[in-house]
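The sequence lines fix the lettering, A, B, ..., with proteins before strands; numbering per chain opens at 1. Basis for what follows: all heavy atoms, side chains included, without hydrogens, waters or symmetry-related copies. These figures come from a predicted structure and were not determined experimentally.
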Amino acid sequence: MTVRVRFAPSPTGYLHIGGARTAMYNYLFAKAMGGKYILRIEDTDLERSTRPFEESQIADFKWLGLNHDEGPDVGGDYGPYRQSERGHIYKEWAKRLLDNGHAYHCFCSEEELTAKKEIANLEKRAPHYDGKCRNLKPDEVSSKLEAGLEAVIRFKAPLKAYAFNDHVRGRVEFPEGMVGDFVILRASGVPVYNYAVVVDDASMKISHVIRAEEHLPNTLRQLMLYEAFKETPPEFAHVSLLIGEDRQKLSKRHGATSVTLYKEMHYLPKALLNYLCLLGWSHPTEVDIFDIEELGSLFNTDRFIKSPSIYDIQKLNHINGQHLRHLPLEQIIQGSETALPAGHPFFSQTNEWKLSCVNIFKDKINLFTELDEKLKIIFETHQDTSQDYIDASSWETTPKIREYLKTEIAAAKAAGKKFITEAEYNAWSDHVKLELKIKGKQLFMGMRCVLTHQAHGPDLKFIIPLTPLEVLEYRLTL
RNA sequence: GCACCCAUCGUCUAGCCCGGUCCAGGACACCGCCUUUUCACGGCGGUAACCGGGGUUCAAAUCCCCGUGGGUGUACCA
């Protein structure tokens, strides 16, 4: 059997992080099985679906590197890949159901239906459709249709129990009578979700449906439709939900939930994927930092976890840091430059300077956006207010160090230098130690406070050669 | 209401199917130590969990039942 999986988002907003995870699982499964991964756009909700959202979601997939084999933008043999362009297919398939008696026209008005639902609720009955139009005579139907009455097409829900084997949940059973006759085609001719999904999955030869657990109850209606169409249902895997700290389904109020936002915050796509992959799935050898592209056949549906997972940005940040540190320096520079504010002095430095700069700071950040703050020790002058700093500033040896460094820096500037070298820095340090007889904590903390105005920071012999002489000079005058 | 799903450290999870090797392993966060004459990185260590109750068994995190808690769904949304 050829494995064909799909991710089918609605273009009603930005790509959600949970959607990205589901898409990734489908992508990974296709890769592991040597199958195809298809992107289908479910835009039957005409009110809320927009083309810009579709484009933004596709752009986000591209950013993540989850490239599909078939889809609206790349084509394929089973198109069109937008539900809004598949109207004729839904009508044809609906006619099949009409012809073999699995579906019927319904002329009930919305007001009528809502009134009945309210009564049912009041009487604590399930608000199922009462079947009023179920047994209309064929000539009644055609005369109403000819009279121009609006009609939806309803599916005759069989009164029987259904069950299926889910790759994640095992055997799932639905008792009989859970759903009433449901609408499959609206009066407008636009299909309803559960119907469109089945027609599409069947006609696109989808073999496995990996989707979020919230769709589990939908499977009942879909199973009924597959049966009516005499089609074999695909294999299902209902993946646990992503939830917030309050244990509710992850949504906007939980913070950044769209992929676009993470892109804008300069997260590494592979780190996001790595984190998302581990939220609900576990690596067979418990490795936790990896590139999903290297998973290969290691990925399977056996290691999905059943319970929902709380989204925790702290761990994502840690994973981002791990990936960031292992990037080639050139790429760290690139990433840094996209995250640093325009006009930042970092941009105007030499490549050699940038290389040693990111080499020092890469271990101290998890995110590219944290670099700006870290670089202040090089470009800005803010007096530290910590007790350590106040103590070091009050030592009687500290002014001596400052006076000495003033003359050295003046000399270096006079020689036309913009920076000093590491060797020159070491010479300063030796001079303070040997000539001024200042050593130990007085030496190192003294020099640090005088030169950086901070009590803590990266190794002086690395950051002082990166600090412009004029910045150092200015600090010595304060 | 009804249906379905879920339940191991604060969080992500391993273990559960095939009961003993688990007084429960790893990771994040937190704390301590080492290293670094600072910080970080790294290394080492620590605190911390089998929802409750019954049952089966020589033995249960693991199997069964009943509770409890949480979630999802109940549309001419997807």
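- Taking atom C1' in both B:G20 and B:U57, one finds a spacing of 11 Å when rounded to whole Å.
- Using a 4.0 Å heavy-atom distance criterion, A:T44 is classed as a sugar-phosphate-only contact.
- Between the P atoms of B:A61 and B:C23, the separation comes to 9 Å (whole Å).
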Quick test: give all pairs of protein nitrogen or oxygen and nucleotides 26-29 of chain B nitrogen or oxygen below 3.5 Å, distance rounded to 0.1 Å.
residue: B:A27; atom: O4'; partner: A:D288; partner atom: OD2; Å: 3.2
residue: B:A27; atom: O2'; partner: A:D288; partner atom: OD2; Å: 3.4
residue: B:A27; atom: N3; partner: A:K315; partner atom: NZ; Å: 2.9
residue: B:C28; atom: OP1; partner: A:H318; partner atom: NE2; Å: 3.2

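- For A:L241, counting side-chain heavy atoms from C-beta on, the closest listed nucleotide (B:A3, B:G71, B:C76) is B:G71.
- Under the 4.5 Å side-chain criterion, counting only non-hydrogen atoms from C-beta, A:V239 is in contact with A:R21.
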Scan nucleotides 5-9 of chain B against the protein and return all N/O pairs shorter than 3.5 Å with their distances rounded to 0.1 Å.
residue: B:C5; atom: O2'; partner: A:R169; partner atom: NH1; Å: 2.8
residue: B:C5; atom: O2'; partner: A:E213; partner atom: OE2; Å: 2.7

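- Remark: the separation of the C1' atoms in B:U47 and B:G32 is 11 Å, to the nearest Å.
- In this structure, the ring of A:Y404 has its center less than 6.0 angstrom from the ring center of A:H431.
- Within the shown strands, nothing qualifies as a pairing partner of B:C23 under the Watson-Crick or G-U definition with both distances less than 3.5 Å.
- Between the side chains of A:Y162 and A:E227, at least one donor-acceptor pair of N or O atoms lies under 3.5 Å.
- Base pairing of B:C2: its partner is B:G73, meeting the Watson-Crick or G-U wobble criterion (both donor-acceptor distances under 3.5 Å).
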Q: Please step through side chain to side chain donor-acceptor pair (under 3.5 Å) for the pair A:R86 and A:S203, ending with a clear verdict.
A: CA-CA 11 Å; A:R86 298 172 64 81; A:S203 60; 2.8 Å; yes
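- Here B:U13 presents its C1' atom at 8 Å from CG of A:L278, a figure rounded to the nearest Å.
- Under the Watson-Crick or G-U wobble criterion, with both distances below 3.5 Å, B:A59 is left unpaired in every strand shown.
- Of the nucleotides present, none pairs with B:C16 by Watson-Crick or G-U wobble criteria with both distances under 3.5 Å.
- Among the protein residues, A:A126 comes within range of no part of the nucleic acid, since none of its heavy atoms lies under 4.0 Å from any strand.
- Closest to the A:E214 side chain, of the nucleotides B:A14, B:U72, B:G70, is B:U72.
- We find that A:D45 and A:R48 are joined by a salt bridge, their nearest charged nitrogen and carboxylate oxygen being less than 4.0 Å apart.
- The side chain of A:S10 approaches B:A78 more closely than any other nucleotide in the set B:G70, B:A78, B:C76.
- Taking atom C1' in both B:A49 and B:G25, one finds a spacing of 12 Å when rounded to whole Å.
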Q.
Please evaluate residues A:E55 and A:R51 with respect to the criterion salt bridge (charged side-chain N to carboxylate O under 4.0 Å, His left out), reporting the C-alpha separation (whole Å), side-chain torsions for both, the decisive distance (0.1 Å), and the verdict.
A. CA-CA 6 Å; A:E55 282 158 9; A:R51 195 51 72 92; 5.3 Å; no
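- At a threshold of 4.0 angstrom between heavy atoms, the contacts of A:R247 are confined to the sugar-phosphate backbone, with no base atom among them.
- Remark: the separation of the P atoms in B:U38 and B:G26 is 30 Å, to the nearest Å.
- The pairing partner recorded for B:G45 is B:C31, the criterion being a Watson-Crick or G-U wobble arrangement whose two distances lie under 3.5 angstrom.
- Of the listed nucleotides (B:C4, B:A75, B:A14), B:A14 has the atom at the smallest distance from the side chain of A:S282.
- Evaluated for a ring-ring contact (aromatic ring centres under 6.0 Å, His included) with A:F299, the options A:F29, A:W281, A:Y27 yield exactly one hit, A:W281.
- Between A:F182 and the options A:Y193, A:Y129, A:Y195, A:F155, a ring-ring contact (aromatic ring centres under 6.0 Å, His included) holds for only A:F155.
- Along RNA chain B, the nucleotide nearest to A:R154 and the one nearest to A:A455 differ in position, and the one closer to the 5' end is contacted by A:A455.
- At B:A40, none of the side-chain N or O atoms of A:K362 fall inside 4.0 Å of OP1 or OP2 (strictly under the cut-off).
- At most 12 heavy atoms of other shown residues, nucleotides or ligands fall within 6.0 angstrom of atom NZ in A:K439.
- Between A:D459 and A:K461, at least one side-chain N (NZ, or NE/NH1/NH2) sits under 4.0 Å from a carboxylate O, which counts as a salt bridge.
- What separates CZ of A:R221 from C1' of B:A78 is a distance of 13 Å, to the nearest Å.
- Nucleic acid contact for A:K374: none, since no nucleic acid atom lies under 4.0 Å from a heavy atom of the residue.
- Contacts of A:V192 with the nucleic acid, taken as non-hydrogen atoms under 4.0 Å apart, involve only primed sugar atoms and P, OP1 or OP2.
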Restricting to nitrogen or oxygen on both sides, can you table the protein-nucleotides 66-69 of chain B pairs closer than 3.5 Å?
none

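- A salt bridge links A:R253 with A:D246; the closest basic N to acidic carboxylate O contact falls under 4.0 Å.
- We find that A:K95 and A:E92 are not joined by a salt bridge, their nearest charged nitrogen and carboxylate oxygen being 4.0 Å or further apart.
- Here the side chain of A:S309 is nearest to one of B:C12, B:U72, B:A78, namely B:C12.
- Among the heavy atoms of the strands, none lies under 4.0 Å from A:N121.
- The residue A:C277 sits apart from the nucleic acid: no heavy atom pair falls under 4.0 Å.
- With C1' as the reference atom, B:U56 and B:C65 are 11 Å apart, rounded to whole Å.
- Closest to the side chain of A:Q248, out of B:U38, B:G71, B:A75, is B:G71.
- Within 4.0 Å of A:R303, counting heavy atoms only, lie sugar-phosphate atoms of the nucleic acid but no base atom.
- Separating the NZ atom of A:K461 from the C1' atom of B:C39 is a distance of 14 Å, rounded to the nearest angstrom.
- The gap from the P atom of B:U13 to that of B:A7 amounts to 11 Å, rounded to the nearest Å.
- Along RNA chain B, the nucleotide nearest to A:R21 and the one nearest to A:E42 differ in position, and the one closer to the 5' end is contacted by A:R21.
- The base-pairing partner of B:A7, taking Watson-Crick or G-U wobble contacts with both distances under 3.5 Å, is B:U68.
- In this structure, A:F304 has its ring center under 6.0 Å from that of A:Y25.
- A cation-pi geometry, defined here as NZ or CZ lying under 6.0 Å from the six-membered ring centre and within 45° of its normal, does not hold between A:K374 and A:F361.
- With B:C76, B:G73, B:C12 as the choices, the nucleotide that has an atom nearest any side-chain atom of A:L113 turns out to be B:C76.
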